[in-house]
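In the text below, chain A, chain B and the rest are named by the order of the sequence lines, each starting its count at 1.
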Amino acid sequence: MADAQIVDLLNAALEAACECGDLPKCDVEIQLEQPPRPEMGDFSCNLALRMAKPAGRPPREVAQCLVQHLPESAVVDRVEIAGPGFINFYLRPTWLQDVVAQVLLMGEDYGRSDVGAGKRVQVEFISANPVGPLHIGNARGGPYGDALANLLDAVGYDVEREYLLNDGPDNTQFRLFGASLQARVRELLDLDHEMPEDGYRGDYIVDYARELINRHGRERLAGVPQDDDGHYEMAILGEEIVVEQIAETCRMLGVEFDSWFSERKLFEEGAVDRKIEELRDRGVVYEKDGALWLRTTDFGDEEDRVLVRSNGAKTYLMTDLAYVDDKLERGFDHCIYVWGPDHAAQVPSVRAGMAAAGVDPNVTEFIIHQIVRLTEGGEIVRMSKRAGKIVSLRDLIEDVGRDVTRFFLLSRSVDSHLDFDLQLAREQSEENPVYYVQYAHARICSILREARERGFATDDVTEADLSLLQHEDERRLMRWLADYPGEVTDAAEQRAPHRLAHLSRDLAATFHQFYGTCRVIDEEQPELSRARLALVSATGQVLRNLLGLLGVSAPERM
RNA sequence: GCGCCCGUAGCUCAGUGGAUGAGAGCAACGGACUUCGGAUCCGUAGGUCGGAGGUUCGAAUCCUUCCGGGCGCGCCA
């Protein structure tokens, strides 16, 4: 690609300038940008500005020096020094045409790269407690984690998607779920029963109870004791149904996990106990008030944290420490945790805990997404999980569809609060941005269909004379395609799938604009038609690639 | 009280160190089809980038502080 070639040229210039002593050696990353206006060239570099201080010379002088050492290149037409010291590159006009050919040649691989090659990354997301259906509150992590995984895969990482099931014996919520379920089961069986004070009261618990009776029968369930052990046993029985349901909802959302990790396994296989012993050996724990504490303050936390409660139960921090060991043992070089805002406060203690446990903090990365608020025509739709007033993710997807759900949830930065407007999502109109993007793709397919009907061969468009693409709007579209691979690597690096949503809208707009000014199929000008068909086909390819990363479909007709 | 996130056009949000001009969508107003999909396009209007300091060649972007909003702060997860 042209941009990579320019970076190589600049590196060579830098090296040459250092070698003959014109510039001091310094470690500066080369960043290329697109100048604000086309007259300023095709690419621009601020290297001289960044080097001015270490070199102790004015930026324009540094730029001059770099330009003198630039090797000859087949890509670059000329170079100018502009403004305070930018080096602007004007490329040979054919470079954009080469991009079109490149897209058609690479197909769905266009935009993929190998910067992450050889590294295994795990993205763990959603991981909602297995005590009920997924709802809109924990829905954001789904499309986000999935699209992030797509992005990391696109830049070459070996990626695995994992869902952590908080189903350990010491998980209070899980046991409470078991107790609530038992109450409903016994109620249905006309046995004595008692719903816990703060139990789960949603109707879905009754559905689970009914299904449990179907699967296991009265005798089996009535025999489960009404105590702590019994609650846990019921929770495990119920979990099977919950997980099936969650997996089904995820599939509806287009999310397939590679692994469902049961926290319970860490207990059953003794990993938790082994970890406690290891921490004792490291001398980073102590006992106080009957509990076992971790000296997280020695590792940057505000206060020490409890690992084992005075009643013997292990805390989430304890299982998190055993869990991260398991991840690393499975060979991941990097572990990404996508958490909801309610978990933001625990990140420092988990990181400190990992440091105390001897885990390199750089192998883990915590991404906190902000809340989603459901609105309908401006009115906030309130939810309460315990009381059972929730909007399930499943209902939402059935209501507005997978594409709309994903696009909406992915269209904002994870750092920002997000209002999901049901009314807007339902409208299949220009107000709904996902249709705008999909319409562009459908239109492209329609043009290609029409062209075939009129006798143009659209499958060997690589034969076209692309030098005929000289219109301003054609150049703008080609430039867009040229920049796409860089946008993908940026989005992956910044963990910012929302950029993809904006990019898709932008590409659709750029295409529609081209469509408005450039007649594609014109029997009077068959050569130009062939060239434009190549451009249209390339645009369709990139749009598909982009929507593929988002996990949104690219329909051929609407 | 402390921590995290946000504050950019009437509304919803991009942009997180670059250039003279801070951009989109929606809403408003005015235009464009006898031909490839009008679910489209073009134009007009709309801004103290929350306020104030600072860092530097250069700040919406980084730092400090204040103001406003959201979320969280348990031997629950």
Please tabulate, one pair per line, all N/O donor-acceptor pairs under 3.5 Å involving side-chain atoms of residues 526-534 of chain A, not counting sequence neighbours.
from: A/Glu527; atom 1: OE2; to: A/Arg530; atom 2: NH2; distance (Å): 2.9
from: A/Ser529; atom 1: OG; to: A/Val520; atom 2: O; distance (Å): 3.2
from: A/Ser529; atom 1: OG; to: A/Asp522; atom 2: N; distance (Å): 2.9
from: A/Ser529; atom 1: OG; to: A/Asp522; atom 2: O; distance (Å): 3.0
from: A/Ser529; atom 1: OG; to: A/Gln525; atom 2: O; distance (Å): 3.1
from: A/Arg532; atom 1: NE; to: A/Glu474; atom 2: OE2; distance (Å): 2.5
from: A/Arg532; atom 1: NH1; to: A/Arg519; atom 2: O; distance (Å): 2.8
from: A/Arg532; atom 1: NH2; to: A/Glu474; atom 2: OE2; distance (Å): 3.1

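B/G74 and B/C11 have their C1' atoms separated by 40 Å, with the value rounded to a whole Å. Straight-line distance between the P atoms of B/C66 and B/C71: roughly 22 Å, to the nearest whole Å. Nucleotides B/U16 and B/G50 are separated by 16 Å at their P atoms, to the nearest Å. A distance of about 32 Å separates the P atoms of B/G25 and B/C63, rounded to the whole Å.
Ionic pairing of A/Glu263 and A/Lys314 is not present here: no N-O contact between side-chain nitrogen and carboxylate oxygen is shorter than 4.0 angstrom.
Every side-chain contact (heavy atoms from CB on, under 4.5 Å) that A/Ala313 has, sequence neighbours left out, goes to A/Asp170, A/Arg309, A/Asn311. Remark: A/Phe407 engages no residue in a ring pair (Phe, Tyr, Trp, His ring centres under 6.0 Å) (not counting sequence neighbours). Annotation: salt bridge (charged side-chain N to carboxylate O under 4.0 Å, His left out) contacts of A/Glu493 (sequence neighbours excluded): none. Legend: residues meeting salt bridge (charged side-chain N to carboxylate O under 4.0 Å, His left out) with A/Glu523, ordered by chain and number and at least two apart, are A/Arg454. Scored by the salt bridge (charged side-chain N to carboxylate O under 4.0 Å, His left out) test, A/Asp167 finds A/Arg264 as partners (sequence neighbours excluded). For the salt bridge (charged side-chain N to carboxylate O under 4.0 Å, His left out) test, residues two or more places apart in sequence or in another chain that qualify with A/Lys327 are A/Glu124. In this structure, the ring pair (Phe, Tyr, Trp, His ring centres under 6.0 Å) partners of A/His343, at least two apart in sequence or on a different chain, are A/Trp339.
Under 4.0 angstrom from either OP1 or OP2 of B/C41 there lies at least one side-chain N or O belonging to A/Tyr436. A/Gln438 has no side-chain polar atom (N or O) that falls below the 4.0 Å cut-off from OP1 or OP2 of B/A39.
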Can you tabulate the close N/O pairs, meaning under 3.5 Å, that link protein atoms to atoms of nucleotides 30-36 of chain B?
from: B/U35; atom 1: O2'; to: A/Arg519; atom 2: NH2; distance (Å): 3.4
from: B/U35; atom 1: O2; to: A/Arg519; atom 2: NH1; distance (Å): 3.2
from: B/C36; atom 1: O4'; to: A/Arg519; atom 2: NH2; distance (Å): 3.0
from: B/C36; atom 1: O2; to: A/Val520; atom 2: N; distance (Å): 3.4
from: B/C36; atom 1: O2; to: A/Ile521; atom 2: N; distance (Å): 2.8
from: B/C36; atom 1: N3; to: A/Val520; atom 2: N; distance (Å): 2.9
from: B/C36; atom 1: N4; to: A/Tyr515; atom 2: O; distance (Å): 2.9
from: B/C36; atom 1: N4; to: A/Cys518; atom 2: O; distance (Å): 3.3

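Identified under the ring pair (Phe, Tyr, Trp, His ring centres under 6.0 Å) test for residues 28-50 of chain A, with sequence neighbours left out: A/Phe43-A/Trp95.
If you look at A/Phe511 and A/His441, their ring centroids are not closer than 6.0 Å.
Among the atoms of the strands shown, none is found under 4.0 Å from any heavy atom of A/Ala440.
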For nucleotides 13-23 of chain B, read 5' to 3', which letter fits each nucleotide if B means a protein heavy atom sits under 4.0 Å from the base, S means only the sugar-phosphate is that close, and - means neither?
SSSS-BBBB--

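Rounded to whole Å, atom P of B/C26 lies 13 Å from atom CZ of A/Phe408. Summarising the geometry, the separation between NE2 on A/His343 and C1' on B/G3 is reported as 16 Å, rounded to the nearest angstrom. Look at CD on A/Glu302: it is 7 Å from C1' on B/G3, rounded to the nearest Å.
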Test A/Phe257 against A/Phe125 for ring-ring contact (aromatic ring centres under 6.0 Å, His included), laying out the working first.
CA-CA 9 Å; A/Phe257 285 95; A/Phe125 57 105; 4.7 Å; yes

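Proximity note for A/Ile371 (side chain, C-beta onward) versus B/G70, B/C75, B/A39: the nearest is B/G70. Comparing atom distances between the A/Ala291 side chain and each of B/C75, B/C42, B/G37 picks out B/C75 as nearest.
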Just to be sure I follow the notation: if a pair is Watson-Crick (purine N1 to pyrimidine N3 plus N6-O4 or O6-N4) or a G-U wobble (N1-O2 and O6-N3), each under 3.5 Å, what dot-bracket string does RNA chain B give, with | for pairs to another strand?
(((((((..((((....[....)))).(((((.......))))).....(((((..]....))))))))))))....

